[in-house]
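All values below come from the heavy atoms of this structure, side chains included, with hydrogens, waters and symmetry mates left out. All chains are named by letter (A, B, ...) in the order of the sequence lines, taking the proteins before the strands, and each is independently numbered beginning at 1.
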Amino acid sequence: MFEQFHSFSLILWDLVTEPSNILVVVLASFLGILFGAMPGLTATLGVALLTTLTYGFDVNTALLALLGLYVGAIYGGSYPSILINIPGTAASAATAMDGYPLTCKGEGGRALGLTTTASTIGTLFGLLMLVFLAPLIASVALQFTSYEFFLLALFGILISGTLTSEDLVIKGWIMGLLGLFLSTIGRDSLQFFPRFTFGYSELDSGLDIVAVLIGAYGIPQVIKMLAEKQALASSPPLARVFPEFRTIVKNSKHIVRSSMIGVGIGAVPGVGEDIAGWVSYSAAKSASPDKDSFGKGNPSGLISAETANNACIGGALIPLLTLGIPGSAPAAMLLGALMLHGVNPGPTLTTERPDFLLEVTAIMVLATLAMFCNGMLLAKHVVKLLKVPTPIFMPIVAILCVLGSYALGLNMFNLYLMLPLGVMAYFLIELKFPISPLVIGLILGPMADENLRRALLVSDGSLMPIFQRPVALILFTAIVLLIISQIPHFKGWHSKLLARGRKLWHKTKN
Amino acid sequence: MHQSSSDQDKSKKPSRGADIKVALIFVLLSMGILWEVSGYPITQSWGGVVNTWYVSAALFPMALGVLLLVLAMILLSTLMAEFSWRGLGKLAFYLPKVDTPLSKSRMLVITLLGSYVYILIPNCDFYLATCLFQLTITTQFYLPHSKMSRLLLWLFGITNAVLVLLCVGFEIADTGHDPITLLYYTDLICFSALAAALYWAWSIHDEQTVSPHMRNIVLVSLLVPLVMVLVFKYFLLVPMPTEGLIISLLDWLYYDLLGA
């Protein structure tokens with residue numbers, strides 16, 4: 001433990017003593033706050049665009065930029081949530097519940113100060129969990145074979161579809177399968193057989209993940225914001241932003257609970273910061289003796305939502321680094337970025353690059369501090385951006401999407417691919433088909449495909465090892481239970497059973 | 001505000017109608033996948049190696065096709081329970097509705113984006129294409145229903161049509177043309193369209209209500225693409241998709257005149 005702390009300190013010292021690193025992380029964090037603050041832009045889009053821009057940088061500098069932007073963007077979404085009741089990102093939707101009422105009371109500066117401090121604490125807690133849990137999970141994951149990885153990929157897609165679907169759960173599962181199908185386009189990795197290429201050589205290497213992600217997250221926002229003529233309300237004048245440590249200490253129970261919720265939800269593949277925010281908010285409200293004040297400017301609600309959505313960042317990095325499975329959509333984009341730089345996240349990462357986890361932790365610490373400083377000093381100026389009219393701003397986003405999807409491979413085909421995928425994503429989102437499972441499916445598809453065939457090759461086509469290996473059996477059972485739990489007949493039977501159990505419990509108590 | 005159940009049903013039905021169309025598309029997609037995969041080698045030899053079903057490249061897509069078909073059918077049957085069967089027999093059900101303002105705005109954005117990506121960018125200087133696109137799309141939504149927005153939309157449409165005709169004409173003529181010559185002509189067309197748009201923007205400088213907004217739109221449309229080109233091309237060293245007259249001029253300024 002002491003040696004690890006010593007290595008971490010050395011890595012952090014090396015990063016801090018390089019002025020260019022400080023400049024990169026501060027700028028990236030500021031850019032992230034801008035991305036988060038502007039409705040229509042998302043952390044995922046920001047990471048995707050920055051991936052293309054940092055392709056030529058070395059790994060550490062690229063990670064500084066990407067993680068700085070990620071942390072900044074999740075935090076930045078709270079600005080419009082608090083000031084004009086429009087979440088900048090989905091992660092900050094719960095923040096508006098108590099943030100905006102505080103602004104209406106003239107305490108906008110106080111709200112931003114609380115948000116900044118809560119976000120910083122949440123991110124650092126998530127990092128702590130990353131440092132402690134990642135080695136444990138990685139050591140377990142080293143025992144995994146192809147069956148476990150296949151079932152893990154399948155489970156990740158199913159749980160992402162289940163939890164992110166606003167309407168019918170089956171819509172989420174269909175999107176996951178669609179993502180898996182898109183990942184099969186191109187020449188397969190085992191036999192190099194062309195699948196669904198229809199003679200186009202451009203499709204031989206499959207669909208470019210960056211172009212798909214930019215299309216899936218950027219284009220729908222451009223169409224939605226312009227077509228629906230969403231006008232931003234003007235934000236009220238802002239007093240000084242300052243941290244309120246007394247309020248933070250008073251809400252320490254909420255902070256600890258929210259941090260753990262954030263990390264837990266972040267670790268679930270494909271489920272992101274938005275769900276962490278809402279779950280934490282609901283938990284804080286349930287646990288509070290003053291439930292009625294929630295939604296009317298209660299600082300506890302604000303702190304809980306923001307702590308959880310930032311703790312989610314560390315949580316999302318846990319499965320990303322240890323299993324190669326992204327815990328959230330921005331983490332999915334980070335996975336693509338890491339692979340572009342020759343880093344293959346997964347159980348072998350700890351052996352191939354033993355210090356990588358510590359490097360990521362040190363970078364995240366810097367990114368968090370940069371976010372805190374940017375938030376405290378620059379909040380008032382970032383808010384001015386909200387005044388830019390949507391019809392002026394969104395076409396610029398569209399142009400950035402075009403350049404972003406072209407710039408990585410200098411391939412016009414990516415551009416031609418991005419737009420129809422984006423239009424398709426827009427209509428699917430409007431019909432409440434979630435996009436996250438599609439993205440998770442696209443990223444985990446190769447892992448699922450290769451591992452399934454490899455597992456069957458080893459067992460000569462037999463599926464029995466699923467039932468003979470304990471982890472595989474647990475994953476298989478979890479998948480089956482997840483599917484069964486969504487069948488209406490079972491749902492009805494389950495709720496009847498629960499109601500009967502509650503009745504019995506009350507009877508025995510009385 | 002609480003909706004009555006009949007109000008909720010009415011509000012659900014239009015989106016359920018759209019859901020049914022999407023479910024049908026997924027059914028067709030899964031059938032298409034299975035049809036395509038049926039042609040892949042499952043046990044036949046491929047690449048000089050005898051295949052077995054469990055390492056075949058067809059295994060995973062086939063499984064996906066079957067699962068997608070099953071889920072799409074389940075979705076369809078779930079949605080049918082909430083929707084009237086009678087509507088499905090009518091052709092009008094399957095046609096897209098473009099009569100609402102929202103549908104029209106959507107189609108406008110998608111058409112403008114499509115023209116920008118598929119016609120302007122591959123055939124014109126990136127800076128000129130981007131300026132024209134930004135000017136047109138911003139005016140449509142910042143100054144809607146104004147004379148300027150209608151003029152610019154017509155100009156954009158005509159420019160795209162002329163570009164398509166020119167490119168098709170060159171292809172048909174097959175004169176062994178130098179692609180640089182085609183790019184020169186397309187850049188001139190785009191430049192002329194942009195010049196016309198700027199002239200019209202200047203001509204309304206007397207109109208108090210519209211002129212300040214138009215001035216902002218013009219400034220943003222000219223400056224933002226310039227900044228993007230400068231940052232991407234000279235700082236990040238990313239070449240632009242199509243480098244025509246303006247970008248060649250910038251190259252000359254940056255490399256020859258400034259000696260960078």
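- Ring orientation note: the planes of A:Phe433 and B:Phe26 are tilted relative to one another, at an angle of 30° to 60°.
- Residue contact with chain B, scored on non-hydrogen atoms closer than 4.5 Å, involves the backbone and the side chain of A:Ala407 alike.
- For a residue to count as touching a neighbouring chain, one of its non-hydrogen atoms must lie under 4.5 Å from one of that chain's; by this rule B:Tyr40 touches chain A with backbone and side chain alike.
- A:Arg195 and B:Pro61 get closest at one heavy-atom pair: NH1-CD, 3.6 Å.
- Contact tally against chain A (heavy-atom pairs below 4.5 Å) for B:Ala72, B:Pro101, B:Pro225, B:Pro41: the top residue is B:Pro41.
- Contacts with chain A were tallied for B:Leu71, B:Val37, B:Thr138, B:Val238; B:Leu71 has the most, counting heavy-atom pairs under 4.5 Å.
- Minimum interatomic distance between B:Phe141 and A:Leu226 (heavy atoms only, all atoms of both residues): CD2-O, 3.4 Å.
- Between A:Ala448 and B:Phe60, the closest heavy-atom pair is CB-CZ, 3.9 Å.
- The most heavy-atom pairs under 4.5 Å with chain B, out of A:Val423, A:Ile392, A:Asp188, come from A:Ile392.
- When heavy atoms are compared at a cutoff of 4.5 Å, A:Leu415 approaches chain B by way of both its backbone and its side chain.
- Heavy-atom distances place no part of A:Ala455 under 4.5 Å from chain B, backbone and side chain included.
- Of the residues considered (A:Leu190, A:Leu53, A:Leu178), A:Leu53 shows the highest number of contacts with chain B, using heavy-atom pairs under 4.5 Å.
- Looking at B:Val109 and A:Met394, their side chains never come closer than 4.5 Å, going by heavy atoms from C-beta outward.
- The distance from the CG atom of B:Leu68 to the CG atom of A:Leu180 is 10.0 Å, given to the nearest 0.5 Å.
- For B:Leu59, the part lying under 4.5 angstrom from a heavy atom of chain A is the side chain only.
- The structure places CG of A:Leu457 at 7.0 Å from OG1 of B:Thr52, a figure rounded to the nearest 0.5 Å.
- With a threshold of 4.5 angstrom between heavy atoms, B:Pro122 approaches chain A through its backbone and through its side chain.
- When each of B:Ile137, B:Leu112, B:Leu113 is checked for heavy-atom pairs under 4.5 Å with chain A, B:Leu113 comes out on top.
- Residue B:Tyr234 qualifies as enclosed at atom OH: its count of foreign heavy atoms under 6.0 Å is above 12.
- No other option in A:Thr184, A:Leu428, A:Leu419 has as many heavy-atom pairs under 4.5 Å with chain B as A:Leu419.
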**Item:** Verdict with supporting geometry, A:Phe196 and B:Glu36, side-chain contact (heavy atoms from CB on, under 4.5 Å)
**Value:** CA-CA 8 Å; A:Phe196 306 105; B:Glu36 172 70 15; 3.6 Å; yes

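- Taking each heavy atom of A:Val402 and B:Tyr116 in turn, the nearest pair found is CG2-CE2, 3.9 Å.
- Between B:Ile110 and A:Phe427 there is a side-chain heavy-atom pair separated by less than 4.5 Å.
- Here the CD1-CE distance, from B:Ile121 to A:Met412, works out to 6.0 Å after rounding to the nearest 0.5 Å.
- Taking CZ of A:Phe181 as the reference point, atom CG of B:Leu64 lies at 9.0 Å (rounded to 0.5 Å).
- Contacts between B:Ile33 and chain A at a heavy-atom distance below 4.5 Å involve backbone atoms as well as side-chain atoms.
- Two residues are said to be in side-chain contact when any heavy atoms from C-beta on lie closer than 4.5 Å; B:Val55 and A:Leu456 fail this criterion.
- Using a 4.5 Å cut-off on side-chain heavy atoms (C-beta onward), A:Ile170 and B:Thr78 make no contact.
- Only the side chain of B:Val220 has a heavy atom closer than 4.5 Å to any heavy atom of chain A.
- Only the side chain of A:Tyr406 comes within contact range of chain B, judged by heavy atoms closer than 4.5 Å.
- Counting all heavy atoms, side chain and backbone alike, A:Leu410 lies closest to B:Pro239 at CD2-CD, 3.7 Å.
- Among the candidates A:Asn411, A:Leu177, A:Ile219, A:Thr52, the residue making the largest number of heavy-atom pairs closer than 4.5 Å to chain B is A:Leu177.
- Rounding to the nearest 0.5 angstrom, the gap separating the CD1 atom in A:Ile396 from the CD atom in B:Gln134 is 5.0 Å.
- Proximity of A:Leu452 to B:Tyr54: side-chain heavy atoms (C-beta onward) are nowhere separated by under 4.5 Å.
- Contacts between B:Phe126 and chain A at a heavy-atom distance below 4.5 Å involve the side chain alone, from C-beta outward.
- Neither the backbone nor the side chain of A:Phe393 comes within less than 4.5 Å of any heavy atom of chain B.
- Looking at B:Ser56, only its backbone comes within 4.5 Å of chain A, counting heavy atoms on both sides.
- Contact tally against chain A (heavy-atom pairs below 4.5 Å) for B:Leu67, B:Leu108, B:Thr139, B:Leu29: the top residue is B:Leu67.
- Residues A:Leu403 and B:Pro241 share a closest heavy-atom pair of CD2-CD, 4.5 Å.
- Note that CE of A:Met424 and CD1 of B:Ile25 are 10.5 Å apart. Values are rounded to the nearest 0.5 Å.
- Using a 4.0 Å cut-off between charged side-chain N and carboxylate O, B:Asp19 and A:Lys432 make no salt bridge.
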